2 protein chains.
Amino acid sequence: MTDFDLKDFTPYLLNLAAETSSAGFQAYYKDRYGMLRTEWRVLFHLGRYGPLTAKEICERARIHKTKVSRAVSALEDKRYLLRREQAEDRRLETLRLTEAGKKVFKDLYKEAARFDLEMMSDFTAEEHAILHKCLTKIAAL
Amino acid sequence: MTDFDLKDFTPYLLNLAAETSSAGFQAYYKDRYGMLRTEWRVLFHLGRYGPLTAKEICERARIHKTKVSRAVSALEDKRYLLRREQAEDRRLETLRLTEAGKKVFKDLYKEAARFDLEMMSDFTAEEHAILHKCLTKIAAL
DNA sequence: GGGAATTAGTTACGGAAGCAACCAGAAAAA
DNA sequence: TTTTTCTGGTTGCTTCCGTAACTAATTCCC
């Protein structure tokens, strides 16, 4: 019963790979814009899919509402987004990026694409496809 | 420039997959033994590779020394391991599992193997091999 | 219409992580 | 020897995350 090693344990490997792969990009948005991971994700969703409510971001991004709430406040403090209360339901706030926010999004978006390309350059197209397929299935997307 | 989506961003996917895949097993050792992730990893290393110093665990497991230090204390409180100061260098402590610790290790070890098997049953052998190869490379092991 | 139950979002609190400062012991240098 | 540097390990501080409780607005249902 000693044939199974930690490096054969998929969740462990996934965590290690996730940490390693995130580190580089994380440093980029942290150093450059003082942003946290959740902030980057929220910014991405708004930049990529247009104005959304916090609720919608929660669902799409699968982030807990308290984290989103804090990220939204932080992005607001940085003047990267604006809130606008909806007239028909005053519990809802539409969130939209400011010009400054859009600029940051564009930079990070480009960098993310570049980063991903660079990272995947070690693999063949087939490996890349299988990797993504497996990850998507595991993440149950 | 809108062809790149969050779900195409490998670090994002990796994080999602890592979180999802860890959740099930994490619940197991948390509910059953009140352990944290770092504690489980330290326990695993000691159970799988025999007595080690904290330093060695840091290197092998790639965990920061403060985390290891706290995990070791926690495992000691639970009576899962013992420290023994080395005579030739009194800064070093050899850590070894108690009988209770070994029992917990065996249970978790078996459960991890089972969990992994179950999780991978969705994939073909080839996919499994490629997935692990890619993850190992990304994690730069 | 007027409660009761829901829902969007915030806040408060306790635990966990990272960083830096720290302590003791050992090795290196003077 | 003694003083400086380095190393293994711990602790303090601050930030971050998750759970649960809360507020305000809306809908359900009588």
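Every chain is numbered from 1 and lettered A, B, ... according to where its sequence line falls, protein lines coming before strand lines. Fair warning: this is a prediction, and the values are worked out from it, not measured in the lab.
When the side-chain nitrogen and oxygen atoms of A:Lys67 are compared with OP1 and OP2 of D:dG18, one or more of them lie within a distance under 4.0 Å. OP1 or OP2 of C:dG25 lies within a sub-4.0 Å distance of a side-chain N or O belonging to B:Arg90. A sub-4.0 Å separation between OP1 or OP2 of D:dG8 and a side-chain N or O of B:Arg83 is absent. The phosphate of C:dA8 (OP1 or OP2) has a side-chain N or O of A:Lys55 nearer than 4.0 angstrom.
Among the protein residues, B:Thr66 comes within range of the nucleic acid bases, having at least one heavy atom under 4.0 Å from a base atom. Residue A:Arg37 is classed as having no contact, given no heavy-atom separation below 4.0 Å to the nucleic acid.
Heavy atoms from other residues, nucleotides or ligands lying under 6.0 Å from CZ of B:Arg83 number more than 12. Residue A:Glu85 places its CD atom among more than 12 non-hydrogen atoms of other residues, nucleotides or ligands, all under 6.0 Å distant.
Between B:Trp40 and B:Tyr33, a ring centre-to-centre spacing not shorter than 6.0 Å is recorded.
Separating the CG atom of A:Leu92 from the C1' atom of D:dA24 is a distance of 12 Å, rounded to the nearest angstrom. For the pair B:Gln86 CD and D:dG9 P, the computed distance is 9 Å after rounding to whole Å. Atom CD1 in A:Ile63 sits roughly 15 Å away from atom P in D:dC16 (whole-Å rounding). As rounded to whole Å, 13 Å separates atom C1' of C:dA8 from atom NE2 of A:His64. For the pair A:Glu39 CD and D:dC16 C1', the interatomic distance rounds to 11 Å; values are reported in whole Å. The distance from atom CZ of A:Arg41 to atom C1' of D:dC16 is 14 Å, rounded to the nearest whole Å. Counting to the nearest Å, the P atom of D:dT10 and the CD atom of B:Glu76 are 9 Å from each other. For B:Glu85 and D:dG9, the CD to C1' distance is 11 Å, given to the nearest whole Å.
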Inset, instruction - Given side chain to side chain contact (heavy atoms under 4.5 Å, CB included), test B:Arg32 with B:Asp107 step by step and report yes or no. - result: CA-CA 10 Å; B:Arg32 207 133 160 160; B:Asp107 179 44; 3.8 Å; yes

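Both B:Glu56 and A:Leu36 lie near DNA chain D, and the one whose nearest nucleotide falls closer to the 5' end is B:Glu56. Both A:Thr94 and A:Lys30 lie near DNA chain C, and the one whose nearest nucleotide falls closer to the 5' end is A:Thr94.
With sequence neighbours excluded, no residue forms a salt bridge (charged side-chain N to carboxylate O under 4.0 Å, His left out) with B:Lys30.
A donor-acceptor contact under 3.5 angstrom links the side-chain atoms of A:Arg91 to the base of C:dT7. For a distance-only test at 3.5 Å, the side chain of A:Arg70 qualifies as a donor-acceptor partner of the base of D:dG18.
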